[in-house]
There are 2 protein chains.
Amino acid sequence: MDWDDVRSFLAIARARSLSGAARELGVRQSTMSRRLEALELRAGARLLQRTPRGYELTPLGEAVLGNAERMEAEAIAVERLVQGRDVALSGVVCSATNWMRIARQSG
Amino acid sequence: MDWDDVRSFLAIARARSLSGAARELGVRQSTMSRRLEALELRAGARLLQRTPRGYELTPLGEAVLGNAERMEAEAIAVERLVQGRDVALSGVVCSATNWMRIARQSG
DNA sequence: AATTCTTACGACGGCCGTAAGGATG
DNA sequence: CATCCTTACGGCCGTCGTAAGAATT
């Protein structure tokens with residue numbers, strides 16, 4: 001289960017529909033349908049099911065939900081750590097090629 | 001930072017070298033080099049640096065390490081939840097197309 | 001000199017949007 | 001019949017391994 005899987009899984013679980021999840025993540029319905037299919041094939045199990053009221057978590061999906069939410073929380077924490085940092089790297093031991101590459105990017 | 005990023009980051013941090021990390025993940029050195037470059041460009045910051053003793057974490061990398069390890073732990077927990085489950089889905093409310101698709105996969 | 005890292009190149013695979021069709025209520 | 005979901009198609013972008021060269025010790 002990669003990180004894109006986790007995002008799709010959470011979006012569908014929250015929106016209760018593929019179309020809603022797709023809207024939320026800025027992709028097409030068809031894309032979300034393929035993502036769910038691929039996700040469940042990779043997992044080898046169903047995590048979400050279509051009901052008269054839209055997509056709902058299976059018992060296994062419920063079990064996975066907590067893990068997925070914690071992964072999301074960690075990912076968000078990393079974003080916070082990383083964003084808005086000084087990338088100047090002054091004084092860092094670093095090969096010349098890396099220096100120039102990163103410098104190019106920073107500029 | 002997606003899940004593949006996390007795996008590469010952890011592998012490099014643990015092996016202290018790109019070649020060792022590549023060996024561990026079953027890819028080429030060149031692939032690991034590109035992954036680290038892409039990872040740090042996406043992050044907008046350096047997380048690992050080359051030192052006389054090999055690759056070591058920057059202070060920011062140290063800060064991220066804990067998050068990465070927790071993400072890994074959650075991912076492993078999901079694997080455990082998902083593997084070896086019964087995928088028979090008996091009695092599940094499910095569209096006919098989904099039924100047949102999953103049935104095909106299970107068989 | 002041996003090991004390690006970088007990068008240009010060509011190829012392959014995966015994922016996407018579009019569009020058309022089927023299911024659902 | 002309006003909405004939602006599925007899927008074949010064609011194209012594009014990303015990632016890979018190879019291979020050759022530079023850096024480091």
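The analysis underlying the following values was restricted to heavy atoms, covering all of them including side chains, and did not include hydrogens, waters or symmetry mates. In what follows, chains carry the letters A, B, and so on, assigned in the order in which the sequence lines appear, proteins first and then strands, with residues in each chain numbered from 1. All values derive from a computational prediction rather than experimental measurement.
- Across the protein-nucleic acid pair, D4(B) atom CG and dT15(D) atom C1' stand 10 Å apart, rounded to whole Å.
- To the nearest angstrom, P of dA23(C) lies 20 Å from CD of Q49(A).
- Between the side chains of T31(A) and R34(A), at least one donor N or O lies within less than 3.5 Å of an accepting N or O.
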(request) Test side-chain contact (heavy atoms from CB on, under 4.5 Å) on W3(B) and E72(B) and set out the steps. (result) CA-CA 8 Å; W3(B) 171 237; E72(B) 182 186 44; 4.0 Å; yes

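- Of the side-chain N and O atoms in S19(A), one or more sit less than 4.0 angstrom from OP1 or OP2 of dC5(D).
- S17(B) places no side-chain N or O within 3.5 Å of a backbone atom of G54(B) that could act as its donor or acceptor partner.
- In this structure, S17(A) reaches the sugar-phosphate backbone alone: every heavy-atom distance under 4.0 Å involves primed, P, OP1 or OP2 atoms, never a base.
- Of the candidates dT7(C), dT7(D), dC16(C), dT7(C) carries the atom nearest the S30(B) side chain, counting heavy atoms from C-beta on.
- dT6(C) atom C1' lies 16 Å from atom CZ of R35(B), rounded to whole Å.
- Atom CG in D2(A) sits roughly 16 Å away from atom P in dG14(D) (whole-Å rounding).
- The phosphate of dT18(D) (OP1 or OP2) has a side-chain N or O of R28(B) nearer than 4.0 angstrom.
- The phosphate of dA23(D) has neither OP1 nor OP2 within less than 4.0 Å of any side-chain N or O from R50(B).
- Rounding to whole angstrom units, CZ of residue R42(B) and C1' of dT15(D) are separated by 11 Å.
- Side-chain atoms of T51(A) never come within 3.5 Å of backbone atoms of E56(A) as a donor-acceptor pair (strictly under, hydrogens ignored).
- Of the side-chain N and O atoms in T31(B), one or more sit less than 4.0 angstrom from OP1 or OP2 of dG17(D).
- Whole-Å rounding puts the L18(B) CG to dT7(C) C1' distance at 14 Å.
- Using a 4.0 Å cut-off, some side-chain N or O of S33(A) falls inside it from OP1 or OP2 of dT6(D).
- Rounded to a whole Å, the CD atom of Q29(A) is 13 Å from the C1' atom of dG21(C).
- Within the 4.5 Å cutoff, side-chain heavy atoms of L25(B) are placed close to those of S8(B).
- Going from atom CE of M32(B) over to atom P of dT3(C) covers 20 Å, rounded to whole Å.
- A close approach under 4.0 Å does not occur between any side-chain nitrogen or oxygen of R34(A) and OP1 or OP2 of dC15(C).
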